[in-house]
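A short write-up of the structure that comes next.
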Amino acid sequence: MRITTTIIISWFLLFFEITKPTPERNISLENYNIETIKFQKEIKKVDERIIRTIKEYYQITHGKNARLEESIEDTTLILEYYSINDNDNWLFTAEIPLIKASSKLVLEGDINNDDKNDFIINIYTSGGGTGGNVGWVDFFTFLQVDENYKLVNVTPHGREELSGCDNGGSFNPVKIENNFIIGYSVCYQEKDPNCCPSLTYESTVVLKDNRLIINNMKLIEKKEISFN
């Protein structure tokens, strides 16, 4: 059974918590001295203020009674949480992209029609489930406001929540264009096996009242999908 849990967490409810000082165990990116993360001028990295805000969000949502380990693999910051009350068992992992050219994980463009570049950041996450480890993608929406970046929305399980599918599926964002988040949705029909959703849509998502919502879906052939 494919069950989608809808959880939209308001930035405003977390504001006072997120503005607290980051715990000392959260390592600054400046402390890493790894060859693969020594950015050259031609490589554009994600603004460290955005990275810090995402880290603080996960510290609030998963850091209670947990121990955090941070590491960098290639161009990804890995946050791993372990239980401090249950034999140090692994609880949760989040993977934060550090460069903008990260296979559609970082989308940059004007979302709210103010001629400023905003960001949708896709965060791969995983945690323990009743049937074993499960993975999903959280969508973070940042708007550029007064030379800073404001987190206005977090959509956990974003690919599922924004798929627009009647019987389960996923939304895969590709780009931001004309104030729309453009991508494609792959959807199941009732009799489709778990391996093989049979419907593909070109989908557009918009930000409305600081929430991401499906705007339009157009049925297409898979061969029509473009990543340009």
Side-chain angles (χ1 to χ4, degrees), residues 2 4-12 14 44-47 49-51 53-54 57-58 75-76 94-125 135-146 148-188 197 199-228:
R2 289 180 285 268
T4 302
T5 304
T6 303
I7 308 173
I8 304 296
I9 301 178
S10 171
W11 165 250
F12 300 103
L14 293 173
K44 295 183 179 180
K45 62 180 180 178
V46 176
D47 192 290
R49 293 168 294 181
I50 290 177
I51 296 170
T53 299
I54 295 173
Y57 170 87
Y58 284 121
T75 56
T76 303
E95 303 179 12
I96 304 175
L98 298 177
I99 64 172
K100 294 181 180 179
S102 295
S103 301
K104 310 303 178 184
L105 296 180
V106 179
L107 302 184
E108 182 177 8
D110 182 12
I111 300 173
N112 60 341
N113 196 28
D114 63 355
D115 295 322
K116 296 180 181 179
N117 275 359
D118 311 303
F119 286 93
I120 299 290
I121 311 292
N122 295 246
I123 307 296
Y124 281 105
T125 60
W136 61 94
V137 179
D138 296 339
F139 289 179
F140 285 72
T141 303
F142 288 87
L143 298 183
Q144 188 176 162
V145 179
D146 297 329
N148 206 341
Y149 295 101
K150 181 179 180 181
L151 176 63
V152 297
N153 176 269
V154 180
T155 305
H157 301 261
R159 288 189 172 178
E160 291 78 17
E161 294 300 323
L162 298 171
S163 69
C165 303
D166 294 329
N167 297 292
S170 65
F171 170 66
N172 302 275
V174 174
K175 61 183 177 180
I176 298 172
E177 187 174 87
N178 297 325
N179 312 129
F180 293 108
I181 302 156
I182 300 173
Y184 62 93
S185 296
V186 289
C187 300
Y188 291 92
L199 299 176
T200 303
Y201 296 85
E202 181 182 280
S203 301
T204 58
V205 169
V206 296
L207 182 70
K208 183 177 181 180
D209 297 326
N210 288 339
R211 293 185 59 187
L212 295 179
I213 60 173
I214 284 283
N215 177 70
N216 186 54
M217 297 176 67
K218 175 185 175 184
L219 186 65
I220 61 174
E221 297 290 335
K222 287 186 178 180
K223 62 183 180 180
E224 296 181 49
I225 294 175
S226 173
F227 293 94
N228 296 325

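Predicted model, so just to flag it, every value in this text is computed and none were measured. The figures here come from the full heavy-atom set of this structure, side chains too, leaving out hydrogens, waters and symmetry mates.
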F171/I181 under side-chain contact (heavy atoms from CB on, under 4.5 Å): CA gap, chis, key distance, verdict: CA-CA 11 Å; F171 170 66; I181 302 156; 4.3 Å; yes
Over all atoms of both residues, closest heavy-atom pair of C165 and S185: SG-CB, 4.5 Å
Nearest-0.5 Å distance that lies between atom CD1 in I111 and atom CG in N117: 9.5 Å
Main-chain N/O of K116 paired to D114 side chain as donor or acceptor, under 3.5 Å: yes
Between OG1 on residue T75 and CD1 on residue I96, distance to nearest 0.5 Å: 12.5 Å
V137, T141, L212 screened by side-chain contact (heavy atoms from CB on, under 4.5 Å) with T155, the one that passes: L212
Among Q144, K44, K100, side-chain contact (heavy atoms from CB on, under 4.5 Å) partner for E108: K100
Side-chain donor/acceptor of D118 to backbone N/O of L143, under 3.5 Å: no
Min side-chain heavy-atom separation K175-I182 under 4.5 Å: yes
Beyond-backbone contact of Y149 with T53, side-chain heavy atoms, under 4.5 angstrom: no
Taking every non-hydrogen atom, the tightest pair across M217 and S203: CG-OG, 3.7 Å
Backbone N/O of T204 and side chain of N216: donor-acceptor pair under 3.5 Å: no
Nearest heavy atoms of V106 and F119, plus distance in Å: CG1-CD2, 3.8 Å
Atom of I121, atom of P97 and distance for their closest heavy-atom approach: CG2-CG, 4.0 Å
Distance, nearest 0.5 Å, that separates CD1 of I120 from CG of L207: 7.0 Å
Gap between atom SG of C187 and atom CG of L219 - 0.5 Å precision: 9.0 Å
Check: K218 main-chain N/O paired with E202 side-chain donor or acceptor under 3.5 Å: no
Residues I54, F142; criterion side-chain contact (heavy atoms from CB on, under 4.5 Å); working and verdict: CA-CA 10 Å; I54 295 173; F142 288 87; 3.9 Å; yes
D138 side-chain N/O to H157 backbone N/O, donor-acceptor pair under 3.5 Å: yes
Charged N-O contact under 4.0 Å between R49 and D47: yes
Distance (rounded to the nearest 0.5 Å) between N179 CG and N113 CG: 4.0 Å
Interatomic distance, S170 atom OG to Y184 atom OH [nearest 0.5 angstrom]: 7.5 Å
Pairwise side-chain contact, T200 with I220, heavy-atom cut-off 4.5 Å (strictly under): yes
Heavy-atom side-chain proximity of N122 to P173 below 4.5 angstrom: yes
Whether D110 side chain and D115 backbone form a donor-acceptor pair below 3.5 Å: yes
Output field: ring centroids Y58/F140 closer than 6.0 Å: yes
With sequence neighbours excluded, residues passing side-chain hydrogen bond (donor to acceptor under 3.5 Å, both in side chains) with D166: none
Check: W136 main-chain N/O paired with T125 side-chain donor or acceptor under 3.5 Å: yes
